[in-house]
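Structure first, then comments.
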Amino acid sequence: EEEGGGGASSASSSSSSKNAVDAEAIAACAEVEIEGAEGQQLTLERHDDEQSHGDVCRSASTGAFGCPKGCSASSGKPPWCQKRGTTKPCRVKRSGEGALIYRCDPRGGERGVCVKVGDGKGQKGGVGKYKDATCDHQCQYESLPGSGGDVSGSGGGFLGNLFASSSNTQRTEFKCQSDWDCSLAGICDAVTGECACDAWASGKDCSYLKFQPVDPIKIGYLHNENTSWGGSVQVGTKDGMFHMFVSEIVCDANDLDKTRCGLAKWQTNSRIAHCVSGTADGPYTRLSTILPEEHHNPTVAVSPVDGSWNLYSIKKFDGPIEVVTSTDDGYTWSEPTVVSKFQNPAPLLHEDGSMTMFYRDDGGKLPPPTCSDEYVAAQRCPSKG
């Protein structure tokens, strides 16, 4: 069979066959026969990052495909191969129980990021300009089980670099236009289009922090659709779980790129999400939305008086500061109450029930020399709310 209009682009996905031996993949295509390619060994071509494309068995010589064992053709239309008896895309199990599958998401900074795919709605790594797990051979992986990348390296982790020197790069050369393009971690030279990164950041867009290597499985909170910012964590007194409260910026319905649209619309599209993990470093799983759009900068403070959790955040983009309270480790919350007209809350709750609210604001009459009217101050409140 030939896929309608998709044969050429999806053929590049066959790079996923370059990974270590996958017994399930071999078995899935072992008995599949394609007219004109009789007797040939077919290669399993995985599409677990595409919601409208099932896995197929591809002929390297003709480009034609057949459906893996346990799957059937979908009458010449997406998903091309579907799980037998259903309309769901065909998915061939991978060797190795519970193997994590990662792909390169080219929209995660100028060098790309590796994200887990295949476990829920919105897993979009590998789509867009790049059609395969390696971002067209520009994303290099090391020793990542089931990644479909290079498992011969000794790194024990993964590298998500998109190499600008690659002969088949499809990206236009990165040039910044403002400090926003430098991830708020550097200064943009508008003449040269280059970012001068702060000492703790690196990369053309300063999107990489100079940390020691981390376990790729424990990457904190990385949502596959929404950009996230900050994060305030408390340990549950009842369940022992780590509870993170984080700002996430939602894409607009008219955004062409529906995955992690960046920080630009935080003033209107930021909301507060509740995530949990069994360990401090994650990975965190999203549970619910605590506060809707136009809430940002969450900070949780535990009352030394009654043990309640008090989540302070900015309403709209320039205040006021609101608080919601929970008595069950963050699963349910009170209605919001305004506690300050300022921004960026950093509350300190005292044993006598009072609160010192440290905050940031604009419009300060600061003594020279200064290049900004932003300032940090504090106000004393008789209670936490």
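All residue numbers refer to positions in the sequence shown, counting from 1. Just so you know, these numbers use all the heavy atoms, side chains as well, and skip hydrogens, waters and symmetry mates.
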Fill in the blank from the handout: Between Y221 and the options V246, V233, T285, V276, the side chain to side chain contact (heavy atoms under 4.5 Å, CB included) test singles out V246
Problem - Those residues that, when tested against D189, pass salt bridge (Lys or Arg N to Asp or Glu O under 4.0 Å) (two or more places apart) - result: none
Practice task
Please answer whether the main-chain N or O of T299 pairs with a side-chain N or O of S232 as donor and acceptor at a distance below 3.5 Å.
Solution key: no
Exercise for the section: For R271, enumerate each residue passing the salt bridge (Lys or Arg N to Asp or Glu O under 4.0 Å) test, keeping only those at least two apart in sequence or located in another chain. Expected result: E248, E293
Could you list the donor-acceptor pairs under 3.5 angstrom formed between side-chain atoms of residues 314-325 and any protein atom two or more places apart in sequence or on another chain?
from : atom 1 : to   : atom 2 : distance (Å)
E322 : OE1    : H295 : NE2    : 3.0
T325 : OG1    : N310 : OD1    : 2.9

Exercise for the section: Output all residues satisfying salt bridge (Lys or Arg N to Asp or Glu O under 4.0 Å) with E33, sequence neighbours left out; order by chain, then residue number. Expected result: none
Problem - D306/K384 ion pair, N-O < 4.0 Å - result: yes
Exercise for the section: Please confirm whether the backbone N or O of A280 pairs with a side-chain atom of S277, one donor and one acceptor, at under 3.5 Å? Expected result: no
Problem - Basic-acidic side-chain contact under 4.0 Å: K69, E31 - result: no
Problem - 4.5 Å side-chain heavy-atom contact, S202 and K210 - result: yes
Problem - Non-neighbouring partners of D281 that pass side-chain contact (heavy atoms from CB on, under 4.5 Å), sequence neighbours left out - result: K218, T279
Handout entry: Side-chain heavy-atom pair E351, V305 within 4.5 angstrom cut-off
Key = no
Practice task
Taking the six-membered ring for Trp and the single ring otherwise, decide whether the centroids of W333 and F245 are under 6.0 Å apart.
Solution key: yes
Practice task
For the cysteine pair C206 and C197, state whether the SG atoms are less than 2.5 angstrom apart.
Solution key: yes
Exercise for the section: With sequence neighbours left out, write down each residue that passes disulfide (SG to SG under 2.5 Å) with C275, or none if nothing qualifies. Expected result: none
Practice task
Give yes when the SG atoms of C71 and C90 are nearer than 2.5 Å, otherwise give no.
Solution key: yes
Handout entry: Short side-chain to backbone donor-acceptor contact, R360 and P345, under 3.5 Å
Key = no
Practice task
Mind checking side-chain contact (heavy atoms from CB on, under 4.5 Å) for T86 and listing every partner two or more places apart, or none if nothing turns up?
Solution key: K83, K88
Exercise for the section: Show the numbers, then the answer: is there a side chain to side chain donor-acceptor pair (under 3.5 Å) between T356 and H350? Expected result: CA-CA 8 Å; T356 301; H350 302 288; 2.8 Å; yes
Exercise for the section: Kindly indicate whether the side chain of Y208, heavy atoms from C-beta on, has any atom under 4.5 Å from the side chain of W200. Expected result: no
When the side chains of residues 335-342 are checked against the rest of the protein, which donor-acceptor pairs come out under 3.5 Å, sequence neighbours left out?
from : atom 1 : to   : atom 2 : distance (Å)
S340 : OG     : F342 : N      : 3.2
S340 : OG     : Q379 : OE1    : 2.5

Practice task
Please name all residues satisfying side-chain contact (heavy atoms from CB on, under 4.5 Å) with T327, sequence neighbours left out, ordered by chain then number.
Solution key: S308
Practice task
May I ask you to check whether Y284 and H243 place their ring centers less than 6.0 Å from one another?
Solution key: no
Exercise for the section: Keeping the roles fixed (side chain from D179, backbone from C188), state whether a donor-acceptor pair exists under 3.5 Å. Expected result: yes
Exercise for the section: Would you indicate whether the side-chain heavy atoms of C67 and S72 approach each other to under 4.5 Å? Expected result: no
Exercise for the section: Compare every heavy atom of P89 with every heavy atom of G54, then report the nearest pair and how far apart it is. Expected result: CA-CB, 3.9 Å
Fill in the blank from the handout: Members sharing I187's hydrophobic cluster, built from side-chain contacts under 4.5 Å between Ile, Leu, Val, Met, Phe, Trp and Tyr, are none
Exercise for the section: Taking D329 for its side chain and T237 for its backbone only, find out whether a donor-acceptor pair lies under 3.5 Å. Expected result: yes
Exercise for the section: May I ask you to list the residues sharing a hydrophobic cluster with F358, side-chain cutoff 4.5 Å, ordered by chain and number? Expected result: L348
Problem - Listed partners of A190 passing side-chain contact (heavy atoms from CB on, under 4.5 Å), at least two apart - result: none
